Amino acid sequence: MLMDNIGTIIEVFAEEDTDIIQHVDYHKTKNYIYWTDWLGKITRTSALSKLLEKTHRGFDVDRVLLGDSGYACKKKLLTLYLNPNTQLNYQSIDDNKEVIFHREVGLYSLGFAVDSMNDYLYWSNDSDLMRSNLDGSNITPILNFSTNGSVGTLEVDSEKGLIFFYNNIDGSIVRCTVDGLDARSILPSQWVIDFSLDRKDQRIYFISFNSQLGSITYNGNDLKINRIHFWIHFSKLRIDLSDDYIFFSDYRYMFQVIKSSNYSDPVMWFTGYEYTLKDIKFYDSTGSSFCKEYLAINDEAKRSKDYLIHLSSDQAISDDSLEAGWYRPVSANGDKMPISPPGRTLPTFEDGNVSREACVQTENDICEESIDIEIMNCGGYYIYFLQETPSNSSFCFGSGPVVCPVGTSSETGFYPGCSSFYPMPYVSVAVQAELLEGSSFQIPGYDPTPSLLPVYRCKFDEGTNETYVYDIYWYINGFEITSYTNIQMRDINTTLLKHTDWIDSYKMNMEVQCAIRLRYSANSVPGPLQYSANFKAGIFPEKYDYTVIEGDSITISFKSTVPVGCIASHKNIMAHCDQSLYVFQPKKNPNVGSCSNNIAIKDIIFKAQVCSIKFGATDWQEEKKLDVFGFSDGLYNSGDRSTYIRLSTSAVSAFNEMWQNVQIPDIKVKVLDRDASMTNRLCQSVNDPHITTFDGKYYHFMDIGEFVMYRNDKGPYWVHALLTNCGFGWQGSACHCAIAIRSRSSLFVIRTCKSISRTKKELLTTPVTKLISCDDNDLLIDFNQARNEYKVTLPIGTEIKISMSRWSGFIGSVTVKPSIYDINEAKGLCGVPSVTKDPSDDYTHRYNGPVSSDQAFAKSWRITQAMTNEQLFVDEPDFIKDDLILNLPNNPTSTNNSTTFCTCEDQADSTESLDDFNTIQCNLTESTGFCSSSQQSGNHINSYSTSCPISKRKRRSLDYSSIVRQSTADPDDSDDVTESQPLVFDEDMNSTDVISQTFRNGWTADIAYQTCQEALTTAIPADVYSDVVEVDVENFIQSCVSDIEVTGDKSFLTDTINAMATNIMTEISRNESLFIVNTTDGSQTILDQITSKLCINNCSNNGVCVSGQCECSNGYIGDDCSKDTSTPPVNISLPAEGVCITTTRSCKKTNIYGDFLSMEVWYKIRYFKVLDNSKLYSSNWEIYKAQYRNMFMVTVDLSVSRKNRSASGPTMAEGYEITLSNDGTNFGEEVSILIYDEGCFSCNSSMTCVSLEICESTKETQENNEDSNTTIIAVASSVGVIGVLVCVLVLLFYLKHKHTEEKSKVGVYSCSQHESGKNVDNDMLSNTTKPFRENTISDLDVYFEDGREASISNFENKLPRQNHFQNN
């Protein structure tokens, strides 16, 4: 579209299909408009010319170009729109569209620019810069940029002959010539979004991701940065310039700011609600036919004002017969006519056609004669209306020296002094990296050998005639670094390029080039320079753009083109010399969270032991490989993820200083989502139980015992369920009463039942949970107190949710959400998750493979009494015992040989311990990993006991019996007592009676179905979730009907609704797009909206639903906020029937069982003593807040209320009366805890005590004191013996080594001083060496196999002399 200077749309030139137009540019003189699209096409239209011809009579001449009148038009803004919602009629103008380039295999257009002076199109083909004619013909690659990055947005300055482009890999701006030569980065990584050229001031204006607008000169100098002070979508931003203004567009809006301002006062130039802006260009018409119709004065460089003619050997140019007309000079020296003397000005574009006097300058006068000419600025070049001149005179254009003609040469390569008498031989020239021998250092145990330093040699064939002398020139990235002239062949080693020549200005991964020229003798006329090819010096990956799938891997290969230096040239020492490149991921988007669903948010990880790759002095020519894995984040990503790998050298040695601050372009890795293949795939076992497999098979299984729900041998990872009769007289029912989860060597168990029976239920007062774990990386457990739900995350990202049923005391449902690492690996009652959702193999029998009978399949996964090695509900499972033996001290099989992955998210610091750094960065054993989500940070589990049979965290020597029992609430709390009884299996377990089910209590199949359907669809309407998740509601209805058939009532209905809500929440929490897409009104995300409708009974209208759980209003509690806080907790009882014996417990606190509807529970307590079987109260009632543990248990502190008072008679026992409340005001029934010493008294819960004849506590105390004294004496004796042994060993060690050589450890060398205190040879070793830290010779810290060490002092005495590196 074309808009005028006030934002009004004048015309639509072309309208493309949805979301394809990308870049636009135009030809300044031929009135072509070009654009590219997503499909890679290049299209042009001549509609602009047609429009100007059609409308020049209908518009004011100040606003549009009038034919060939020569008047300039008002400047216009050329913009591209995506998807205009209104149909615009552009009549026949569209007929002028012409596709000049169609995408081909491996060839497509990205960035795009038009060269109006040379009539070329330039465009990027990812790693290549392409050039073609204006009609798309003669496509030629002019620059291969693959080793340095990827070519993005382009801009061309035709007059300067320069192309500028954006490097997609590292966010820098690169400059090269219009022929693709001399490519160099002029703006280091600023993560530029878009940029534009100010051709008048020769500056580049750019906008970056960090809300900054900056500018820099064409040469990369004078960087200026300003922050944008107004809101704009920076990720969609486009920028272009006029003479005085900067224009921004961000898809919807266009702003204008004054170029010279601080950008704080933008003008809303255009609002395109019905359009989407994709690119903008400020259209600057030249407005004159003369700028199109002229004669060219080509290749007449001698018209330069700086050319000095030699009349004896050169023929002067004369324009005395020049025909009058418009001429355009085209020369390497430019097209500007000199303006002084006598002092004139060239016109600006706005000046149009101007008249000037051209002076004929002679030796007598600077303006002896004048000629009238006309000059026009055509926007990038000048044209001149010239006429004949006086005899032997000519017009001058351009400035600067004139190159010698072909076949001649001079000292400078320019006039004067051009001669044809110089050496003619062609010489093959190449840059060669090699090692220069330097001084030798004395290293004990080795003969002195020269040290080695990497340098560059200009290698060429010297030929048979050795009488020549040579000039050597060195270039880095196209810039001359140093040169050597008139060098004899015998002195050619003095021309080596050393790091001290360039280290302060350039970084490795640069292009090194040399050139030579030959002379017959010193100071004679040299031949032309003969150049080598560019030598890429550094370490280079195979490419800079990779793609990896989550869970899969790619290998990135690196090659070095430069050898590694070393302190010595002895092969054994060289084997220890290397240079490390540290691998890390620069943080491109700090706003992305680090954790979701307890799965870490990462992109890639590395299969390695350390975050580095090493090139050694002996193997530097070998390829080094980096294995990169796509990290599974457990999310269905809204798009592919991208990250970058960066390599750096945090520390170098004195012999490898050239590697300091190496600048390897970032390597881009795109991560393709694989987690989405697990969409709508989870296994769920509900109520009594009804099971849905991973791939959607649905079946009922009501059997008793221990069964394998899920098993993946990769870890191994197991989930076992324990089923028992549901009670209530429900014949043939089976409910989950325990779940056990094994993750590698750790075990988590939650159990609610005392026994397993086919005919009855026996439940524990409160669920018992325990964790046996010695490795924090084995599993992560969260407890959602509001939902009464445990969530266990395995290292492979598999998630197990265990929902507790408040009303029944059983486990209501178990949900297993598989990860991509379970595909074709998991098995059990949950079936086998296939690559696609294929249920055909879900009924995979443990021994017989896929079968058709769901019951035969399910029963095959029973854990029988004979399978002792697989039982998880015993006190100490076999795998715990086996692991204990494997990890005993000095057991050779205890070494951990598992695969290690490194995140390498941070850059190694030069002063940081590498061991500590790699321990933190390299601690994963899977290509995914869990974390603690912030939303669950407050849901700590503090209701289970945990133990570790041996400390594998520290791998220290411990006795076999070193087993520590601790509680997550308090590691050494003897009062954290729960009713943990051994599991009993009833004799009826082996019964084979088949119990038929039938509806009763007035229920029928139809009534049950109608009731269940109405309840489920009302509780969770389909419109809440149907657009984002697939839920088989029919399965939940059938589960509900089956439960009614067994129970004769709706007891399980609430648990069924909860299971359905869990199903939905588990799925939608994986859908990343729901996190980032807001509702229509923008008030919340789609995820928040859905989860706000998944609460039970809609929170009874007494609270709000947030993330699927109720936040009750004041005065209400309960899972659905249906209970009043004035109602105190019920079913209150104490462990051990309220008796606490001081010889086994500290009796400072106690757990209390009950039914707790709120996490805020108060307790009222008062202290009493038992004297002669009567209570004496020693305190008043006091109120405190209890510690909530789970919905069936709280913990109260007893010591808060104890107050001693004098009383007559012996105190036989003491205790506390306790009552609980949900609001701190209304308290319920009282319970009492009785505390006594069983060595002196015998008491019962009825507060009756009897004194024993002998008080055993006093006797035991005396015995304990005696044992303590004995222990102290034994320990003291042991310490003394050990001390003597240590002294003897030290003495023997000293005598052994007193007269031997110092150990062969080369100390850390600072590379700045030697024994005399003078600087080391500054010609070879720079003063910028960083502190060292690495345990390799690259840091001069050498370890040898024989264990000998050399002292630092001895080594420093042999540091290099001032001239230790000689060029010989």
Side-chain angles (χ1 to χ4, degrees), residues 16 19-27 32-44 78-80 82 100-104 106-116 118 120-134 136 139-146 148-158 160-180 183-187 189-197 199 204-209 218 235-241 249 277-282 544-545 665 668:
E16 292 290 341
D19 199 20
I20 59 173
I21 299 177
Q22 290 300 297
H23 300 284
V24 63
D25 205 353
Y26 64 94
H27 195 288
Y32 277 117
I33 298 175
Y34 293 82
W35 65 89
T36 64
D37 58 39
W38 274 113
L39 301 179
K41 298 197 310 291
I42 302 177
T43 308
R44 73 176 180 179
L78 187 65
T79 65
L80 280 181
L82 173 69
I100 62 170
F101 171 73
H102 287 276
R103 176 173 178 171
E104 303 172 11
L107 201 61
Y108 52 92
S109 60
L110 295 175
F112 181 78
V114 179
D115 182 348
S116 299
N118 302 302
Y120 285 128
L121 305 180
Y122 295 94
W123 38 280
S124 59
N125 179 28
D126 192 15
S127 60
D128 294 323
L129 182 59
M130 315 296 293
R131 180 173 67 195
S132 71
N133 295 332
L134 294 180
I139 299 174
T140 305
I142 63 171
L143 173 65
N144 185 316
F145 200 62
S146 60
N148 296 299
S150 172
V151 181
T153 302
L154 297 177
E155 290 280 349
V156 60
D157 188 327
S158 304
K160 298 300 178 186
L162 296 174
I163 296 174
F164 300 84
F165 61 85
Y166 171 70
N167 186 343
N168 287 323
I169 297 301
D170 65 6
S172 62
I173 294 179
V174 181
R175 188 189 81 185
C176 67
T177 68
V178 291
D179 294 320
R184 67 187 68 176
S185 175
I186 60 169
L187 178 66
S189 177
Q190 293 280 340
W191 289 107
V192 173
I193 303 172
D194 195 20
F195 70 93
S196 184
L197 302 182
R199 295 169 178 82
I204 306 167
Y205 283 79
F206 62 88
I207 192 77
S208 61
F209 276 101
Y218 278 10
S235 62
K236 309 298 183 184
L237 195 61
R238 293 293 178 263
I239 182 176
D240 203 23
L241 309 173
S249 71
L277 283 68
K278 295 290 289 183
D279 197 10
I280 57 173
K281 282 291 178 184
F282 195 82
Y544 291 88
D545 204 333
K668 182 179 180 180

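These numbers come from a predicted model, not from an experiment.
Put simply, CD1 on I100 and CD1 on I139 are 8.5 Å apart, with the number rounded to the nearest 0.5 Å. To the nearest 0.5 angstrom, S132 atom OG is 6.0 Å from I42 atom CD1. In this structure, the separation between CZ on R238 and CD1 on I193 is 8.5 Å, given to the nearest 0.5 Å. To the nearest 0.5 Å, atoms CG (L154) and OH (Y122) are separated by 10.5 Å. Atom CG of D115 is separated from atom CG of L134 by 8.5 Å, given to the nearest 0.5 angstrom. T36 contributes atom OG1, which lies 5.0 Å from atom NE2 of H23 (distance to the nearest 0.5 angstrom).
For the 3.5 Å distance criterion, the side chains of S146 and N144 qualify, holding a donor opposite an acceptor. Between the side chains of D157 and Y218, at least one donor N or O sits under 3.5 Å from an acceptor N or O. Counting only N and O atoms by type, the side chains of Y34 and R44 include a donor and acceptor under 3.5 Å apart.
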Given salt bridge (charged side-chain N to carboxylate O under 4.0 Å, His left out), test D179 with R131 step by step and report yes or no. CA-CA 9 Å; D179 294 320; R131 180 173 67 195; 3.1 Å; yes

From CA spacing to verdict: side-chain contact (heavy atoms from CB on, under 4.5 Å), L143, F165: CA-CA 12 Å; L143 173 65; F165 61 85; 3.9 Å; yes

K160 vs E155, salt bridge (charged side-chain N to carboxylate O under 4.0 Å, His left out): CA-CA, chis, key distance, verdict: CA-CA 12 Å; K160 298 300 178 186; E155 290 280 349; over 6 Å; no

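Residues S158 and S116 approach most closely at OG-N, 3.6 Å, considering heavy atoms. Of all heavy-atom pairs between G152 and S124, the closest is O-OG, 3.5 Å. Closest approach of D25 to A113, counting heavy atoms only: OD2-CA, 3.4 Å.
The main-chain N or O of G136 is never found under 3.5 Å from a side-chain atom of N133 such that the two would form a donor-acceptor pair. Proximity of a side-chain donor or acceptor of N167 to a complementary backbone N or O of S172 within less than 3.5 Å is not detected. At distances below 3.5 Å, at least one donor-acceptor pair connects side-chain atoms of R199 with backbone N or O atoms of V156.
In Y120, the OH atom is not crowded: 12 or fewer heavy atoms of neighbouring residues, nucleotides or ligands sit closer than 6.0 Å.
Proximity of the aromatic rings of F206 and Y166 is defined here by a centroid distance below 6.0 angstrom, and this criterion is not met. Between F101 and W123, the ring center distance clears the sub-6.0 Å criterion.
Under the side-chain contact (heavy atoms from CB on, under 4.5 Å) test applied with C176, the options I163, I142, L162, V151 reduce to a single match, I163.
Annotation: side chain of L121 is in contact with side chain of F112 (closest heavy-atom distance under 4.5 Å). Looking at heavy atoms from C-beta onward, L197 lies out of side-chain contact with L241 at the 4.5 angstrom threshold. Side-chain contact between F195 and Y205: absent, with no pair of heavy atoms (C-beta onward) separated by less than 4.5 Å. When side chains are defined from C-beta on, L187 does not count as touching I204, because their heavy atoms never get closer than 4.5 Å.
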